[in-house]
Amino acid sequence: MTAPRTGVRLLVVDDEEQILELLDLTLSIQGYEVCPAGSGPRALEVLAAEHIDVIVMDVLMVPWDGFETVRRMAAQFGAGLPPVVFLSGLARPAVMPELGPDVVQEYLVKPFRPSQLVERIEEARRRKASG
């Protein structure tokens, strides 16, 4: 097991309840503190109310997809937006959508191993810290 990541808070967003629960459990076991959200609008509320270090965002959701959700977050929080790790069953787009000048992002294609997700989260944190 990896070292605890005490105090690292993740906003995990997925509109499929079972996936959200699985991500919550998996990331909690890895030592993260998880704030789950079942939709883009709910994620925006959580981000406004909680200190978040990294956002783990599903791409294919309703009513807003992950990219639209992050666009709205970037418009509201600007450079204060935490880094984002996108999760998708689709291959990474050849050209990622423009989400805002300060958005640090990673992309991970499903299915993935928990260790791969942790690597992307930690890479996003490093990039934000150095950026």
Side-chain angles (χ1 to χ4, degrees):
M1 181 146 160
T2 185
R5 293 171 177 87
T6 306
V8 178
R9 298 192 62 161
L10 306 177
L11 171 55
V12 179
V13 188
D14 198 303
D15 63 345
E16 293 185 46
E17 187 175 339
Q18 290 178 327
I19 301 294
L20 189 59
E21 289 174 3
L22 181 61
L23 288 169
D24 187 347
L25 177 64
T26 300
L27 292 167
S28 294
I29 288 171
Q30 294 294 322
Y32 295 105
E33 294 177 35
V34 177
C35 298
S39 70
R42 178 67 186 132
L44 212 54
E45 292 171 4
V46 172
L47 188 58
E50 301 285 342
H51 168 78
I52 299 295
D53 297 297
V54 178
I55 300 165
V56 178
M57 177 76 64
D58 187 32
V59 172
L60 300 176
M61 300 188 303
V62 294
W64 309 335
D65 69 18
F67 298 130
E68 178 60 24
T69 301
V70 171
R71 272 189 210 94
R72 290 174 186 238
M73 290 174 167
Q76 184 170 343
F77 297 98
L81 183 68
V84 180
V85 177
F86 287 106
L87 305 178
S88 179
L90 304 175
R92 180 187 175 108
V95 177
M96 289 291 286
E98 177 55 45
L99 303 174
D102 300 311
V103 178
V104 173
Q105 58 186 297
E106 294 286 326
Y107 196 93
L108 186 58
V109 177
K110 299 175 188 175
F112 52 82
R113 293 186 312 276
S115 62
Q116 292 173 301
L117 179 54
V118 168
E119 287 171 11
R120 291 299 197 301
I121 290 168
E122 293 305 315
E123 178 60 24
R125 290 180 64 211
R126 280 190 292 278
R127 287 181 53 212
K128 181 71 173 185
S130 68

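Predicted model only: the values in this text are computed from it and were never measured. Start at 1 with the first residue, then count along the sequence.
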*Can Val46 and Val13 be said to form a side chain to side chain contact (heavy atoms under 4.5 Å, CB included), step by step?*
CA-CA 10 Å; Val46 172; Val13 188; over 6 Å; no

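- With values rounded to the nearest 0.5 angstrom, Leu11 atom CG is found 10.0 Å from Thr69 atom OG1.
- Aromatic ring orientation, Phe86 versus Tyr107: tilted (interplanar angle from 30° to 60°).
- Atom CD1 in Ile29 sits 10.0 Å away from atom CG in Asp24 (nearest 0.5 Å).
- Taking the charged nitrogens against the carboxylate oxygens, Lys128 and Asp53 have no contact shorter than 4.0 Å, which rules out a salt bridge.
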*asked:* Using the rule given for side chain to side chain contact (heavy atoms under 4.5 Å, CB included), can you reason through Leu117 versus Leu87, listing the C-alpha separation, both sets of side-chain angles and the distance that settles it, and then say yes or no?
replied: CA-CA 9 Å; Leu117 179 54; Leu87 305 178; 3.9 Å; yes

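- Atom CD of Glu68 is separated from atom CE of Met57 by 11.0 Å, given to the nearest 0.5 angstrom.
- Residues Asp58 and Leu20 are not in side-chain contact: their nearest non-hydrogen atoms beyond the backbone lie 4.5 Å or more apart.
- Of all heavy-atom pairs between Pro82 and Ile52, the closest is CG-O, 3.3 Å.
- Nearest approach of Val85 to Ala124, heavy atoms of both residues: CG2-CB, 4.1 Å.
- We find that Glu123 and Arg120 are not joined by a salt bridge, their nearest charged nitrogen and carboxylate oxygen being 4.0 Å or further apart.
- Closest approach of Val103 to Leu99, counting heavy atoms only: CG2-O, 3.6 Å.
- No continuous path of ILVMFWY side-chain contacts below 4.5 Å connects Val12 to Val62, so the two sit in separate hydrophobic clusters.
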*Verdict with reasoning, Leu108 to Val56, per side chain to side chain contact (heavy atoms under 4.5 Å, CB included)*: CA-CA 10 Å; Leu108 186 58; Val56 178; over 6 Å; no

*In sequence, state the C-alpha distance, the side-chain angles, and the governing distance for Leu23 and Leu10, and then conclude on side chain to side chain contact (heavy atoms under 4.5 Å, CB included).*
CA-CA 11 Å; Leu23 288 169; Leu10 306 177; over 6 Å; no

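- Annotation for Arg42 and Ala37: closest pair CG-CB, 3.9 Å, computed over non-hydrogen atoms.
- For the atom pair Glu119 CD and Arg113 CZ, the distance stands at 7.5 Å (nearest 0.5 Å).
- When hydrophobic clusters are built by joining Ile, Leu, Val, Met, Phe, Trp and Tyr residues whose side-chain heavy atoms come closer than 4.5 Å, directly or via intermediates, Val8 is not grouped with Val104.
- Note that OG1 of Thr26 is 8.0 Å distant from CZ of Phe112, once rounded to the nearest 0.5 Å.
- Listed for the Arg127 side chain is a donor-acceptor partner under 3.5 Å among the backbone atoms of Gln105.
- Met73 and Leu44 get closest at one heavy-atom pair: CG-CD1, 3.3 Å.
- Taking hydrophobic clusters as Ile, Leu, Val, Met, Phe, Trp and Tyr residues chained together by side-chain heavy-atom distances below 4.5 Å, Met61 does not share a cluster with Leu22.
- The one candidate from Asp65, Leu90, Asp14, Asp15 that meets the side-chain contact (heavy atoms from CB on, under 4.5 Å) condition with Leu60 is Leu90.
- Counting all heavy atoms, side chain and backbone alike, Cys35 lies closest to Arg9 at SG-NH2, 2.7 Å.
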